Each structure stands twice: as structure tokens, then as C-alpha cells.
Protein chains: 2
Amino acid sequence: MSQNQNIRIAVDAIVFGYQNNKLYVLLIQQKFGAEKAYWALPGGLVKEDETLKEAVQRELKEETNVEINYFEQLYTFGDDVHRDSRNRVISVAYFALVDSSKFEIKADSDAEKVQWFEVKNIPELAFDHNLILQKGIERLKAKLTYQPIGFDLLPKEFLFSELENLYCTILEKEIDRRNFRKKILSFGIISETEHFSPVKTGRPAKLFKFNKPKYNALQDEGFHFEIKFA
Amino acid sequence: MSQNQNIRIAVDAIVFGYQNNKLYVLLIQQKFGAEKAYWALPGGLVKEDETLKEAVQRELKEETNVEINYFEQLYTFGDDVHRDSRNRVISVAYFALVDSSKFEIKADSDAEKVQWFEVKNIPELAFDHNLILQKGIERLKAKLTYQPIGFDLLPKEFLFSELENLYCTILEKEIDRRNFRKKILSFGIISETEHFSPVKTGRPAKLFKFNKPKYNALQDEGFHFEIKFA
DNA sequence: TTGAAAATGCGTATTATTTACACAAATATA
DNA sequence: TATATTTGTGTAAATAATACGCATTTTCAA
């Protein structure tokens, strides 16, 4: 068994945001390098003394200034031996959700460009990043139905109609508003707040918030979140 | 960003087998090396010109002589920087299911020992392999409920009671035999064969087989396999 | 030879969940 | 003051899950 490996290991992050009923992903464009013409997922090589998680967080902070709400490992891409033209690079992709209303993205000191791209309208990306993104979208869709992660894309307080639109948009399905509300409320994991919507059309709506402690407690009792649609 | 990385990349395989109503995992013991006293998951370093998949398949063939029915990437373990005492090693763990009745395991030329261990009775393993195995068990339990992978642990033709016991054993739950049968049959993805069980107690039972083409066809129409229990 | 034991195979009543759909309430605006 | 718009609450019908009962077909032992 050869001890002489010349394989590099990188991390890439798929950061999803949601705004105005649209799903976005965060992309960067490097000013230098072989793939500088292409937009790419934020990421880079792992340092020798940092964990994979730390590597992702460092790269995101360096490159994009985002604050992450949710964060998990997605998949390791290492079956295309020539995915990077220079050296063999294996990339561990991570999947993150942010409340994009909470901050402004900004490019880092290397003068990289950073931009939200609507997921329905993604250009050709560097390396195999289109493939990685595709896998991220699949995971997002799947996870939305069996884990309460939709809240991590919304502001702390949100309208029921916003939550409903988020589900419709991402899953690309129609939902009956009334049944959706009934189902979510039946879980008991979201609470009414005292606040009302700032929107000035139609009947004023209460703002709700996700009750995470309650969710954790229910989970310990064996509760499973699940949203399904025909 | 440093180009001088000294991180090695390995693959490890969690190979599950099922026999006599018990779930097993395949472990090896190396004759040489720092961790030679411990049993470990089969695996090893990835070669420079092979994909991750190829690496797993090669290691399994070299080390254990198994034939795999099902095979998927599980998780990449790289957050414990010192998981291997010699160098930093990041391991991509794979998850495999085999019909253990189909072959005999045998140790390879390096005279490694290979053995099935019952999952309920696992010794302390090398490196962080207990943790990896734990994650594999979780994946198996979860996946069993929403993908028809239980069949990959059974012989081509099997009894309904064997399938039922497999679910009970792995999920550690009681199932109503009659409702289970009704539900599985309602999917239309398993077919009766002409053959009968060789068991010589009680009423003779038909052998069934998984109809994979039918399953694929149904899946294209939007069918989702799902087995749930209270 | 016959009855008990063991396991399969089929069915039905009850309960819970999902789906479809109706309408009143509260606000802005014309 | 009427209309448009969006929120909030039900209720009836259809579908699916659950809890059982019991006949059938074999082996084995009395």
C-alpha cells in the first residue's frame, strides 16, 4: 500500500438563502487562478491542523462574511480523478442555511466578488460545482420534508404565508394554505409572538417564531417532524 | 492558502450482513501495524489514480472476498485531527449491504483475520471505527424505512417471515405480521415464486423475490417506498 | 391415527390522518 | 361605503393505519 499520496483535500460550501419567495445560493468569483472566469462555491484547501468544520467556517468568513444558521456535511466528491486540472483534489461539500436578511455579504481582501444567485438561474460554474450544487438542492428538498430546517432560511419572526411560500417555492409544489397551517400548528413547535406583520395589505397577520426548545423536547419523546404533499 | 498539505485520505467500509435473525458487520484484524491488537473496519489509503469507489471495492476484495449488493457513501470523518496516531488521515466511510449466505469470507495473503461480528456485540475497534460504525447503523435504520434496501441483506428468494424479522431485528421494534405483509404486498414490488420454503415446521411458505424493474418503474411514476411503525 | 403445535395466509372493523373545500374577519383603497 | 386582499377557523369526505380473528397446512408426539 503506497504511502506516497499526492491528493489534496478541500472543502466547499453550498450556502442557501431565501428572499422575496426565491431560493438563492452564494457564489464567489476569484480574481486570480486558472478558473477565474467562472463563478464557484466558496471553499478551499483544508489546513493541516484544522478540522473539516473549521475549514468551512474559516473559508466562509474569509470569503463571504456570512453568518450561518444551519450547517451539515453533504457529500465527498472524489470520484472524478481530474476534477481539478492541476492536482487531484477531493472535496468535502457542506450544506448551509442562512437568514439572508440578517447581513450584507461582502468580498474579502483578495477582492473576490461575492453574489447571491437565484437557484433557478445558475451559470456554468468552476470545477464540478454544478454537480455539487445539484446534490445540495436535492438534500435541501429532502430535508425540508423531514426536519424543521426551513426556519433557518427565514428571519427569527416570520409570517405563516412566508413559511408556506418557502415550502411551495423550494419543493416546487402547490400546498393548501389551510391544511399546511393546521399541520404545522398541530406539531406545537412554533409560537405566536406579540408582533404583527408590517405588510399593509389585507388582514394584518401575526408573526410566528420557531420554538426550538419545544422541538428538542418533543424529539426526545420520539416526535418526528414531517411535511408531505400529494 | 498553503499548498503544502500533509493529509492522507483513506476509505473505510461498513459491510452489513444478516443471518439467523441477527445483524452482522464485517471486521478485519491486521497482523502488523500499530493497531494490530484491534479489530477494524476494512479499508485503507486511496491510490492516486483511483476513484473513492474503486478504492473501497479494491480494499474489500483484497481484504475480505465479499460480493456487495448495495453500496453508498456514508460520511467523511475528518474532524478528529489525531484520529490516526501517525499522520493526519481523513476517512471517507462507505456503507454496504451483502447477502452473506452467498459466499465465504476469507482473509487475504497478508494473513489478516476476517470475521462477522454481531452488531449488538462489538468490541473496541481501532481508530474511531466505533464511531463510524455507529453512524452506519443509524443510516441503515433510517434507510430501511424509506428505501427497499432490506432485500439486499437477504438471499434472492426469501420468506415473508424472514423479511419481517429483518425489520424487527434491525429497527428493534415489534411489527404486526399481517399488517406488514399487507403493506409490503400493496406496493407491488415483490413477486411470488414457484418455490416453497425448505423449513419443516408449520405451514409451508412461498418464497418471494424483490421485483426491482417494477420498483424502478413505480419510482419513475412518483412512488415512494415507506415502512413506518408506531 | 389423531390431536396439539407451529407457522402461513386472508379478511374485517375501528381509529387516525389526509385531503378538499367554505366562509367569516380585518385591514387598505378607491 | 363597497371592493379587493389576505388571514384565521372549521367541517365533511376520502384514504390510510391499526388492531384483531380465524381458517389452512404442515410436523410431531401420544
Side-chain angles (χ1 to χ4, degrees), chain A residues 20-21 144-146 154-155 157-169 171-209 218 221-230, chain B residues 20-21 144-146 148 154-155 157-169 171 173-209 218 221-230:
Chain A
N20 299 117
N21 297 338
L144 215 51
T145 68
Y146 67 87
L154 291 175
E157 304 197 344
F158 53 85
L159 300 174
F160 238 110
S161 53
E162 291 176 323
L163 185 64
E164 178 203 327
N165 277 318
L166 184 147
Y167 271 85
C168 291
T169 304
L171 299 180
E172 299 173 289
K173 285 192 176 161
E174 303 248 312
I175 309 177
D176 183 279
R177 183 176 61 84
R178 296 154 292 186
N179 291 337
F180 178 79
R181 186 189 180 103
K182 203 188 319 177
K183 175 129 201 181
I184 297 274
L185 283 176
S186 75
F187 295 153
I189 59 173
I190 78 161
S191 323
E192 271 183 34
T193 70
E194 303 296 309
H195 310 137
F196 278 79
S197 143
V199 182
K200 286 284 167 255
T201 168
R203 174 171 172 174
K206 287 176 201 145
L207 286 162
F208 292 83
K209 63 181 179 192
L218 282 170
E221 296 169 25
F223 165 77
H224 284 279
F225 179 88
E226 186 160 31
I227 298 284
K228 281 197 292 191
F229 306 104
Chain B
N20 299 118
N21 297 338
L144 214 51
T145 69
Y146 65 88
L154 292 175
E157 305 198 344
F158 53 85
L159 300 174
F160 238 109
S161 54
E162 291 176 322
L163 185 63
E164 179 204 326
N165 276 318
L166 184 148
Y167 271 85
C168 292
T169 305
L171 298 180
K173 284 191 176 162
E174 303 248 314
I175 309 176
D176 183 278
R177 183 175 60 82
R178 295 153 292 186
N179 290 338
F180 178 78
R181 185 188 180 104
K182 205 188 316 180
K183 174 128 199 183
I184 297 273
L185 283 175
S186 76
F187 294 153
I189 58 173
I190 77 162
S191 322
E192 271 183 35
T193 69
E194 303 296 309
H195 311 137
F196 277 79
S197 140
V199 181
K200 287 285 167 254
T201 167
R203 175 173 170 173
K206 286 176 202 146
L207 286 163
F208 292 83
K209 63 180 179 194
L218 283 170
E221 296 169 24
F223 165 77
H224 285 278
F225 178 88
E226 187 161 30
I227 298 283
K228 282 197 292 193
F229 305 104

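What you see below is based on every heavy atom in this structure, not just the backbone, and it leaves out hydrogens, waters and symmetry mates. As the structure is a prediction and not an experimental result, all values here were calculated from the model. Labels below follow one simple rule: chain letters A, B, ... track the order of the sequence lines, proteins then strands, and each chain is numbered from 1.
Going from atom CZ of A:Arg177 over to atom C1' of C:dA24 covers 12 Å, rounded to whole Å. Separating the CD1 atom of A:Ile184 from the P atom of C:dT18 is a distance of 12 Å, rounded to the nearest angstrom. Between the CD atom of B:Glu164 and the P atom of C:dA7 there is a distance of 11 Å, given to the nearest Å. Remark: C1' of D:dT11 and CG of A:Asn179 are 11 Å apart, rounded to the nearest angstrom. Atom C1' of nucleotide C:dC10 and atom CG of B:Leu185 are separated by 11 Å, given to the nearest angstrom. Computed from coordinates, the B:Arg178 CZ to D:dC22 C1' distance equals 9 Å when rounded to whole Å. Residue A:Phe180 contributes atom CZ, which lies 16 Å from atom P of D:dT9 at whole-angstrom precision. What separates NZ of B:Lys200 from C1' of D:dT25 is a distance of 12 Å, to the nearest Å.
At a cut-off of 3.5 angstrom, the base of D:dT7 holds at least one donor-acceptor pair with the side chain of A:Arg203. One N or O donor and one acceptor, one from the side chain of B:Lys182 and one from the base of C:dT12, sit under 3.5 Å apart.
For A:Phe196 and A:Gly202, each mapped to the nucleotide of DNA chain D holding its nearest heavy atom, the one lying further toward the 5' end belongs to A:Gly202.
Shown here are the ring-ring contact (aromatic ring centres under 6.0 Å, His included) partners of B:Phe196, two or more places apart in sequence or in another chain: there are none. Every residue two or more places apart in sequence or in another chain that forms a side-chain contact (heavy atoms from CB on, under 4.5 Å) with A:Ser161 is listed here: A:Leu159.
As judged by a 4.0 angstrom heavy-atom cut-off over every strand, B:Ser197 is placed among residues making no nucleic acid contact.
Tested against A:Lys206, the residues A:Glu194, A:Glu192, A:His195 include a single side chain to side chain donor-acceptor pair (under 3.5 Å) partner, A:Glu192.
Looking at B:Glu226 and A:Lys228, a side-chain N of the basic residue comes within less than 4.0 Å of a carboxylate O on the acidic one, giving a salt bridge. Between B:Lys209 and B:Glu157 there is no salt bridge, since none of the side-chain N atoms of the basic residue sits less than 4.0 Å from a carboxylate O of the acidic one.
Here the two rings, on A:Phe160 and A:Phe208, have centers that are under 6.0 Å apart. A:Phe187 has its ring centre less than 6.0 Å from the ring centre of A:Phe223.
Between B:Arg181 and the phosphate of C:dG9, there is a side-chain N or O to OP1/OP2 separation shorter than 4.0 Å. Contact between the side-chain N/O atoms of B:Lys183 and the OP1/OP2 oxygens of D:dA17 is found at a separation under 4.0 Å. The shortest distance between the side-chain N/O atoms of B:Thr201 and the OP1/OP2 oxygens of C:dA5 is not below 4.0 Å.
Counting only heavy atoms from C-beta on, B:Ala205 has its side chain closest to C:dT8 among C:dT8, D:dG8, D:dT25. Distances from the side chain of B:Ser161 to the nucleotides C:dG9, D:dT26, C:dT8 place C:dT8 closest.
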Inset, instruction - Using a 3.5 Å limit on both pairing distances, list the dot-bracket string of DNA chain D from the 5' end; Watson-Crick and G-U wobble pairs count, crossing pairs take [ ], interstrand pairs take |. - result: ||||||||||||||||||||||||||||||

